[in-house]
Amino acid sequence: MAEETRPTDFIREIVAEHLRSGKHQRIVTRFPPEPNGYLHIGHAKSICLNFGIAREFGGVCNIRMDDTNPTKEEAEYVQSIMRDVRWLIDGWADQNIGLKHFDTVPTRVSDDFQQSAIRNQKSEILPEPLYTSDYFDNLYQYAVELTRRGRAYVDEMSPEQTDEYRRIGKESSFRDRPVDENLDLLARMKAGEFPDGAKTLRAKIDMQAPNVWLRDPVLYRIRHAEHHHTGAKWRIYPMYDWAHTLSDYIEGITHSLCTLEFEVHRPLYEWILDALELSAPRPRQIEFARLNLDYTVMSKRKLIQLVHEGFVTGWDDPRMLTISGLRRRGVTPSALRTFAHEIGVTKYPSLNETALLEHAIRNEFNRTAIRRLAVLKPIKVVLTNYPAEQVEQLDAINNPEDPNAGTRKVPFSRELYIDAQDFAEVPPPKFFRLKPAGEVRLKYAYIIRCDEVVKNAAGEIIELRCTVDLESKTGGATSNRKVKGTVHWVSAPHAFDTEVRLYDRLFTVPEPDADGDFKKHINRNSLKIVTAKCEPSLRDAQPDERYQFERLGYFSLDLDSTTDRQVWNRVVTLRDTWAKVAKR
RNA sequence: UACCCCGUGGUGUAACGGUAACACAGCGCCCUUUGGAGGCGUUAUUCUUGGUUCAAAUCCAAGCGGGGUAGCCA
């Protein structure tokens, strides 16, 4: 399997070296989402990287909610994130997930601290992730320690002034406050004595540093806000750099993998570990390029606009590249993992073609999907020389790629449906399908010839009257006759109707946000709903099964399905070389 | 503007100083009771210029191009 071939990237090389040299005995990575939105395929890349490394090197990947900003985060997102992560790694890295250990918060009390993996019990109750906010006490103690060491101070400048001073490299007049005063002020900040924005705790580094993140970054800000996880306990909240670095340290993370935009934060990450003189082994931050895909947008901000402004039906709209959208559409975790594996991991900010994702899906589904016959846009075909009351049960192969999938019976009768696209009254060149006086094979059945095109008053085609070569059935005398085209069909009296949702890309251009106005490139025809005619055996279709409607694509049952009416999602079309030829 | 990072076929990745490999996409042919799948073939003076070396995609320098950062967001 593709995902089993050994992937080697610069991060895995570093990890392997750290194991070889004995710097670490056991690898601990982490996936640290902020619970302020749904996970998307870019997060999937990160999940596959972090859990993949834990899995390959026999380590652990902690899942930690990076919840340091009470005004932006909500508990409901925690549930969706957990669901998405577990779905994506299920059956693959279950043994490597690091969760909250029986309600015990990790506390690094010794150098050999190690986070334990918790077995995925597959219970209905979602296990609890780790939370940065569980370390708030710890983080505060570290802040006191930093202040005591004279490496931090309480500042009173306004946000605007702080920005301005940072830009020009000027020191705050509060910078050289005595340690005792800083300690006192910090304690009073914590006690809630000051209003929002009145004071901050700042690291005392170097206001002239070329890297602006070293120009006395803010470590704590005052926020009189309720936190989704810690409630009303805190009035000061740590900033990302402080919280993330020390959470990594507390959990014994060995490799802290993040995206490129945090590259300039790394000196600060290391400064924090140094300033506190924290004992080895220390975590190491390594950055990689985030996932970019063509014909889509990836940021949470833009995805949320698509939802709120009604361009899609929700976070799990099958057109959305959120994990929940992909899941609903019918993409499997394994296909997503294969995709993540195939795009690789580098520091080059690339733009990947969505075609690669489609390929990963097709490649897997070709091996696993059950073949069925369905007609999306029916045209009636009447076989004039076939007995009116006769019904044959023909053998059809369930999956030519998998002999064990066996066969099934498909009813055949005098009246059928074929797809409108498989008939042309005035055929273009190289049209191998049905045309007046032309022949075509009905898959698993007979060769037919079109004798007559019947139209209504409006000139629309009502039915095709055809004759069937009665000897041409599989195993028959003329079954091996050379006929250029083969077409799918369904017996009219036996077929049943279903709703089928056909999806196209959400945007019309490869880089919708290149000009800063992605909404004007939205594809208004990204969803088409049709009523399809399906062969009877499809009545038993299962939600977790993937189907190929022959010659059309791969389909999956949508959760809107009821006992009365099935709703299908087209996950991806089949490769269609004829469509390309026809275009020219 | 300052600082940091990155430049290998159309796209993405590999080659770890020894003469450019793989996947996807495209195109052509073969095969086919899915115009699917499969098989075969085809696409690169490794951004530029200089330097080091017997030897450079790999090391060094400059230029050019792209990306990131400059929230009391993460």
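Just so it is clear, the structure is predicted and the values come from calculations on it, not from any experiment. Just so you know, these numbers use all the heavy atoms, side chains as well, and skip hydrogens, waters and symmetry mates. Here is how names work: the chains are called A, B, and so on, in the same order as the sequence lines, proteins then strands, and each is numbered from 1.
In this entry the distance linking CE of A/Met65 with P of B/rA74 reads 16 Å, nearest Å. Between the CZ atom of A/Arg167 and the C1' atom of B/rC72 there is a distance of 14 Å, rounded to whole Å. What separates CG of A/Leu260 from C1' of B/rG68 is a distance of 7 Å, to the nearest Å. Rounded to an integer number of Å, the gap from A/Tyr165 OH to B/rG71 P is 16 Å. At whole-Å resolution of the value, CH2 in A/Trp213 and P in B/rC5 are 18 Å apart. For the pair A/Asp163 CG and B/rC73 P, the interatomic distance rounds to 10 Å; values are reported in whole Å. Spacing between atom CD of A/Gln161 and atom C1' of B/rG71 amounts to 16 Å, rounded to whole angstrom units. In this structure, CZ of A/Arg290 is placed 16 Å from P of B/rA74, rounded to the nearest angstrom.
A donor N or O paired with an acceptor N or O is found under 3.5 Å between the base of B/rA74 and the side-chain atoms of A/His265.
Aromatic ring pairs are classed by plane angle as parallel below 30°, tilted from 30° to 60° and perpendicular above 60°; the pair A/Tyr140 and A/Trp234 is tilted. The aromatic rings of A/His229 and A/Tyr131 lie parallel to each other, their planes meeting at an angle below 30°, with 60° marking the opposite boundary.
For the C1' atoms, the distance from B/rU46 to B/rC6 is 15 Å, rounded to whole Å. Distance check on atom P: B/rG18 versus B/rC59 gives 12 Å, rounded to whole Å. Spacing between B/rU11 and B/rU53 at atom P, rounded to whole Å, works out to 36 Å. Taking atom C1' on both B/rU58 and B/rU19, the two are 12 Å apart, rounded to the nearest angstrom. Spacing of C1' atoms, B/rU45 relative to B/rC40, comes out at 28 Å, to the nearest Å. With both ends at atom P, the span from B/rA14 to B/rG28 equals 31 Å, rounded to whole Å. Nucleotides B/rU43 and B/rG10, compared at atom C1', are 9 Å apart to the nearest Å. When the P atom is compared between B/rG65 and B/rC16, the two are found 31 Å apart, to the nearest whole Å.
Between A/Ala405 and A/Asn398, the shortest heavy-atom distance links the atoms O-ND2, 2.9 Å. Shortest non-hydrogen contact noted between A/Tyr135 and A/Ile250 is CB-CD1, 4.0 Å.
Cation-pi geometry between A/Arg372 and A/Tyr547 is not satisfied (NZ or CZ under 6.0 Å from the ring centre, within 45° of the ring normal).
Nucleotide B/rG50 forms a Watson-Crick or G-U wobble pair with B/rC60, both donor-acceptor distances falling under 3.5 Å. Nucleotide B/rG41 forms a pair with B/rC27, judged by Watson-Crick or G-U wobble geometry with both contacts under 3.5 Å. Both distances falling under 3.5 Å, in either a Watson-Crick or a G-U wobble arrangement, place B/rU13 opposite B/rA21. In a base pair of the Watson-Crick type (N1 to N3 plus N6-O4 or O6-N4) or a G-U wobble (N1-O2 and O6-N3), with each distance short of 3.5 Å, B/rG65 is matched with B/rC6.
A side-chain donor-acceptor contact under 3.5 Å links A/Asp294 and A/Thr354. Side-chain contact annotation: A/Tyr295 with A/Glu353, donor-acceptor N/O pair under 3.5 Å absent. Looking at A/Tyr554 and A/Glu364, their side chains never bring a donor and an acceptor atom within 3.5 Å of each other.
Residue A/Tyr237 is classed as having no contact, given no heavy-atom separation below 4.0 Å to the nucleic acid. A/Val212 comes within contact range of the sugar-phosphate backbone alone, with a heavy-atom separation under 4.0 Å but no base atom that close. If you check every strand for non-hydrogen atoms under 4.0 Å, A/Met157 touches a base. Residue contacts for A/Glu13: at a heavy-atom cut-off of 4.0 Å it reaches a base atom on one of the strands shown.
When the side-chain nitrogen and oxygen atoms of A/Arg215 are compared with OP1 and OP2 of B/rC3, none of them lie within a distance under 4.0 Å. One finds no side-chain N or O of A/Arg64 lying less than 4.0 angstrom from the OP1 or OP2 phosphate oxygen of B/rA74.
Nucleotides of RNA chain B nearest to A/Pro210 and A/Phe10 differ in position, and the one nearer the 5' end is that of A/Pro210.
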For the pair A/Trp489 and A/Val381, evaluate side chain to side chain contact (heavy atoms under 4.5 Å, CB included) and give the outcome as yes or no after the intermediate values. CA-CA 9 Å; A/Trp489 55 275; A/Val381 169; over 6 Å; no
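Anti is the conformation of B/rG28, whose glycosidic angle sits further than 90° from 0.
Exactly one of A/Asp155, A/Asp216, A/Asn182 qualifies for a side-chain hydrogen bond (donor to acceptor under 3.5 Å, both in side chains) with A/Arg202. That residue is A/Asp155.
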Summary of protein contacts for nucleotides 30-40 of chain B, nucleotide by nucleotide, where a base hit scores B, a sugar-phosphate-only hit scores S (4.0 Å, heavy atoms): --SBBBBS---
Could you encode protein contacts along nucleotides 6-13 of chain B as a string, one character per nucleotide from 5' to 3', using B for base contact, S for sugar-phosphate-only contact and - for no contact, with a heavy-atom cut-off of under 4.0 Å? SS--BSSS
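The shortest distance between side-chain heavy atoms of A/Ile448 and A/Val440 falls below 4.5 Å.
Aromatic pair A/Tyr240/A/His244: ring centres closer than 6.0 Å.
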